[in-house]
Amino acid sequence: MIRNTKAKYEQLYKKFLGLKLPYKFSLSEVSNILEKNYLAIEVPLSFHSILEDSVDFDGKHLVKCYHISDEIILDGLYSEEEKNINEMFVKINAETDKISPASNLHDDDIFKGAYS
């Protein structure tokens, strides 16, 4: 039994090594995946300026930005819990914007070419 178990571990280990984790993709491969699989639209880097005041944003390594708006694709990416959390943040941000609007940027400006 011990030999059999050891053989299974060795087989699994070889399989793991064959996966070559972590995967490394080139920028063009990532762009291709996002655009073909998720119908993502590249957003001009100037768009990130509205995020600069965010505590969580660090733009020094930002190379490209994408927007995914297809609701069917987005719906499949998130669990129910994640969707509920997102809905909560949307409500909080809407309330915050009523108090002090941080930007005069309209939702669709980027996709209408206003920042191209």
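Throughout, numbering of the chain's residues begins at 1 and tracks the sequence. Everything quoted here is computed from the prediction, not taken from an experiment. All values below come from the heavy atoms of this structure, side chains included, with hydrogens, waters and symmetry mates left out.
- For S26, the side chain to side chain donor-acceptor pair (under 3.5 Å) partners are S28, E29, not counting sequence neighbours.
- Between L39 and D70, the closest heavy-atom pair is CD1-OD2, 3.6 Å.
- Around the CG atom of L12, the shell of radius 6.0 Å holds more than 12 heavy atoms that belong to other residues, nucleotides or ligands.
- More than 12 heavy atoms of other residues, nucleotides or ligands shown are found within 6.0 angstrom of CD on E82.
- Grouped with L27 in one hydrophobic cluster are V63, the linkage being side-chain heavy-atom contacts under 4.5 Å among Ile, Leu, Val, Met, Phe, Trp and Tyr residues.
- Under the side chain to side chain donor-acceptor pair (under 3.5 Å) criterion, E10 pairs with no residue at all, not counting sequence neighbours.
- The number of heavy-atom neighbours closer than 6.0 Å to OH of Y78, taken from other residues, nucleotides and ligands shown, is 12 or below.
- Two residues are said to be in side-chain contact when any heavy atoms from C-beta on lie closer than 4.5 Å; K15 and L19 fail this criterion.
- Looking at every heavy atom in both residues, S69 comes nearest to H67 through CB-NE2, 3.4 Å.
- A salt bridge does not link K83 to E87: none of the charged side-chain nitrogens sits closer than 4.0 Å to a carboxylate oxygen.
- Proximity of I33 to F25: side-chain heavy atoms (C-beta onward) are separated by under 4.5 Å at one or more points.
- Once rounded to the nearest 0.5 Å, the distance linking CD1 of I73 with CG of N37 reads 8.5 Å.
- In terms of heavy-atom proximity, L77 sits nearest to Y38 at CD2-CE2, 3.5 Å.
- Shown here for L21 and F16, the closest heavy-atom pair between the two residues is CD1-CE1, 3.8 Å.
- When all heavy atoms of K64 and S31 are compared, the closest pair comes out as NZ-OG, 3.2 Å.
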